[in-house]
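The block underneath contains the structure these notes are about, expressed in structure tokens.
Keep in mind the model is a prediction, meaning the values are calculated, not measured.
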Amino acid sequence: MVASVDVVMIVLRFFHIVGGSLWVGSAFLFVAVIGPSAAEVGPSAGPLLEVAVKKRKVAKLITMFATSAVLAGWLMWLKDLRDYNWNVSDWVFHSGGFGLALTLGGILASIAWYEGYFHVGRGVEELVDLGSEMAAAGGPPAPEKVARMQSIQESLKKHGQFDIVLLLLTVSFMATARYW
């Protein structure tokens with residue numbers, strides 16, 4: 001006998017897994033490689049960041065991947081909760097650990113989405129805007145602008161690293177949920 005195909009779950013899993021993969025991969029690339037490299041290179045990294053952030057809209061693209069993954073994940077979580085007659089306690093605590101792992105992963109992913117959107121994505125855009133403003137002014141930048149640039153860079157480093165830790169924990173929970 002052929003099992004019935006749940007098209008909704010296939011579509012949700014597609015957006016969850018593909019969006020999540022692109023989100024984690026691109027976040028890691030920017031936080032672990034591009035960001036530190038740009039900071040090390042200094043002002044000469046400005047044109048690359050300008051194109052990536054302003055023209056290619058990388059922060060918005062990563063946010064779109066993240067939103068796709070989180071939204072699809074919570075919709076699947078709700079579909080699974082429905083299978084437990086909407087009893088959150090049964091789904092989370094009495095599903096053999098599966099529901100607990102997915103719930104923890106969903107919570108961590110939601111926090112990572114918030115961190116990435118409000119602190120990393122917006123911070124990168126602010127950093128690029130400030131860098132463009134400083135470059136357009138010509139001559140040495142004002143000390144307050146240099147201080148603001150350093151503050152943004154420190155914030156990006158802190159929030160970016162926190163975001164990556166959240167994402168790695170999220171992936172760990174999701175990848176091992178069936179074995180809890």
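- The minimum heavy-atom distance linking A32 with P36 is given by the pair O-CG, 3.6 Å.
- Within the 6.0 Å centre-distance limit, the rings of Y84 and W91 are counted as a close aromatic pair.
- Although no hydrogens or angles enter the test, the distance criterion places a donor-acceptor pair under 3.5 Å between the side chain of H16 and the main chain of A69.
- The nearest pair of heavy atoms linking D163 to G116 is OD1-N, 3.8 Å.
- Side-chain contact between M76 and L102 is absent, with no heavy-atom pair separated by less than 4.5 Å.
- Residues W180 and S95 bring no donor and acceptor atom of their side chains to less than 3.5 Å of each other.
- What you find for G99 and W77 is that their closest heavy atoms are O-NE1, 4.3 Å.
- Closest of all the heavy-atom pairs between V70 and A109 is CG2-O, 3.9 Å.
- In this structure a side-chain-to-backbone donor-acceptor pair under 3.5 Å is missing from S151 to A147.
- A distance-only check finds a donor-acceptor pair linking the side chain of S68 to the backbone of F15 [under 3.5 Å].
- With hydrogens and angles ignored, the 3.5 Å screen pairs no side-chain donor or acceptor of N85 with any backbone N or O of N87.
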Begin from the C-alpha positions of K54 and E125 and carry the test salt bridge (Lys or Arg N to Asp or Glu O under 4.0 Å) through to its verdict.
-> CA-CA 8 Å; K54 294 301 181 180; E125 290 180 350; 5.2 Å; no

Derivation of the side chain to side chain contact (heavy atoms under 4.5 Å, CB included) call for L61 and M64 = CA-CA 5 Å; L61 194 59; M64 183 183 71; 3.5 Å; yes

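- Contact between Q161 and V31 at its shortest, heavy atoms only, is N-CG1, 4.0 Å.
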